[in-house]
There are 2 protein chains.
Amino acid sequence: MTQYSIAIVDDHQIVSEAIAGLINAMPQFNVLYEVRNGRELVNKFSGKKNIPDLVLLDINMPIMNGFETGAWLQEHYPEVPFVALTMNDDDESIIKMLRLGAKGYLIKDIDSDELLVALDEVFKKGFYYTDLVTSKLLHNLGEKKPAVKELDLKEKEMEFIKLVCTEMTYREIAEAMYVSPKTVDGYRDALFQKLDVKNRIGLVMFAIKNGWVEV
Amino acid sequence: MTQYSIAIVDDHQIVSEAIAGLINAMPQFNVLYEVRNGRELVNKFSGKKNIPDLVLLDINMPIMNGFETGAWLQEHYPEVPFVALTMNDDDESIIKMLRLGAKGYLIKDIDSDELLVALDEVFKKGFYYTDLVTSKLLHNLGEKKPAVKELDLKEKEMEFIKLVCTEMTYREIAEAMYVSPKTVDGYRDALFQKLDVKNRIGLVMFAIKNGWVEV
DNA sequence: ATAAAAAACAGGAAAAACACCCTTTTAAAA
DNA sequence: TTTTAAAAGGGTGTTTTTCCTGTTTTTTAT
């Protein structure tokens, strides 16, 4: 039977050891080593040996956190899957980790059974996301968005913002919209106030946040 | 034991009957009725009776398709969960259904076991998404983008771009980076050429495209 | 038809952004 | 240590943006 080796990256020694105990208790897994942060993991790896079959990754760590570590892994060892195991249950952390290529995301209050199931599934199917993650990211797609504010933007203003995002000058935008440059000034001034931004950059960022323009 | 009643909406009679057979074989479920499209479902509902505990919804149907039906359900009977059961495995269909509030998404080539597990989970946890869906939407977040070009941007230039995205002026950016405004001019000029953009807006759009800044 | 409101437009000034060419400082290599 | 390349800093002028205070035109409501 194949035995998979696992590296644990967690700055809390107690947690790290507890997890290691759980994993080592299973015949199909063994803990290759435990380290306290990403930097230590990188040092282990750089020896060209000590490459585990999977990395369990905490997020909040000193020196080199889970995001940086995940990015480093994806960059240098894309064939080594990593799974987040963290207390962070906020959307931002989850999405960030998945974008970095995490093959799984576990919240630290899972029971030991789920941890082992998760590891199994990652090796078998290539991924495992705990219910909270699935719920947050898939189920919440259907949520009505809070809509930052009740902004009633005019058609013209929407069109204007989209054109701003295309690197056009106001003169060019005016031509494109068949209005005077001074009118365009008006659109801009109104939007600066409505959206509470200081310059064109703010308009662009706002437009993208709200999905008004393709990125 | 509570028995849950289920409505099946599918224009393929064979498929519909097969599914009904599977469901009726389980003691905890029963098929309340089968209809051939969304319009027929609406007619059933409008009688104020015949409200099932869950709706199994195909997408490709004549007269009133699965999307329209899902939207109608979410609008008029948000308390009745609906689960897509369809051959459509494309991202657009999946996302569209989830946005409409589908509590689950199943591809028609699943085995009968998974169908029953899925129904169980929806009643127990509130949602169930088949692996393909999870994989597509979560796993694919981590896909590497085509990477427009091999750009070797300096650390300073990255930092500079990020600051540009915060609505700072170049003077402010210079202060934040502890360099002269003229040096910042240099970063900008170099980046304009490297990234082939005309102004600050181009930098922002580029940075966002490549995920260098949070949106 | 007329008053009120909204949109379009204007002038001008100050600040910021952009372009171009050039010098000094720093860091790396020979 | 000398040579070289890269990074940082500088001068100057043009264009664009931003921020005012207005006026004219168009729409809307009464």
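Computed from heavy atoms alone, side chains included, the values below leave out hydrogens, waters and symmetry copies. Order of the sequence lines sets the chain letters (A, B, ...), proteins ahead of strands, with each chain counted from 1.
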- request: Please confirm whether any donor atom in the side chain of B:Lys182 sits under 3.5 Å from an acceptor in the base of D:dT12, or the reverse.
  value: yes
query: Does A:Glu79 CD have over 12 foreign heavy atoms under 6.0 Å away?
result: yes
message: So that I can tick it off, tell me whether B:Glu121 and B:Lys125 are bridged by a salt bridge, with the cut-off set at under 4.0 angstrom between side-chain N and carboxylate O.
response: yes
query: Given atom NZ of A:Lys156 and atom P of D:dT27, what is their separation to the nearest angstrom?
result: 11 Å
message: Can you identify which nucleotide, out of D:dG10, D:dA8, D:dT18, has its nearest atom closest to the B:Ser180 side chain?
response: D:dG10
message: Does A:Asn199 reach a base, just sugar-phosphate, or nothing at all? Heavy atoms under 4.0 Å.
response: sugar-phosphate
- request: Provide, to the nearest angstrom, the distance between the CZ atom belonging to B:Arg171 and the C1' atom belonging to D:dT17.
  value: 15 Å
- prompt: Should B:Lys108 and B:Asp58 count as an ion pair when the cut-off is N to O under 4.0 Å?
  reply: yes
Spacing of B:Gln193 atom CD relative to C:dC20 atom C1', expressed in whole Å: 12 Å
- prompt: For C:dA17, does either OP1 or OP2 sit under 4.0 Å from a side-chain N or O belonging to B:Arg188?
  reply: no
field: Among C:dC9, D:dG9, D:dT17, the nucleotide that comes nearest once only the side chain of A:Thr169 is considered
entry: D:dT17
Comparing B:Val179 and B:Arg200 on DNA chain D - which has the more 5′ nearest nucleotide: B:Val179
statement: For A:Ile173 and A:Val184, the nearest pair of non-hydrogen atoms, with its separation, is CG2-CG2, 4.2 Å
query: What integer distance in Å separates B:Ile161:CD1 from C:dA17:C1'?
result: 16 Å
- prompt: Once you round it to whole Å, what is the distance between C1' of C:dA8 and OH of A:Tyr178?
  reply: 18 Å
message: Which residue is it: A:Phe45, A:Phe67, A:Phe82? I am looking for the one with a ring-ring contact (aromatic ring centres under 6.0 Å, His included) to A:Trp72.
response: A:Phe45
message: Output the rounded distance in Å from CD1 (A:Ile173) to P (D:dT15).
response: 19 Å
message: From CG of A:Asp185 over to P of D:dT16, roughly how many Å is that when rounded to an integer?
response: 13 Å
- prompt: For C:dC18, does either OP1 or OP2 sit under 4.0 Å from a side-chain N or O belonging to B:Tyr170?
  reply: yes
query: C:dA17 P sits how many Å from A:Ile201 CD1, rounded?
result: 9 Å
message: OP1 or OP2 of D:dA8 versus the side-chain N and O atoms of B:Tyr187: is any pair under 4.0 Å?
response: yes
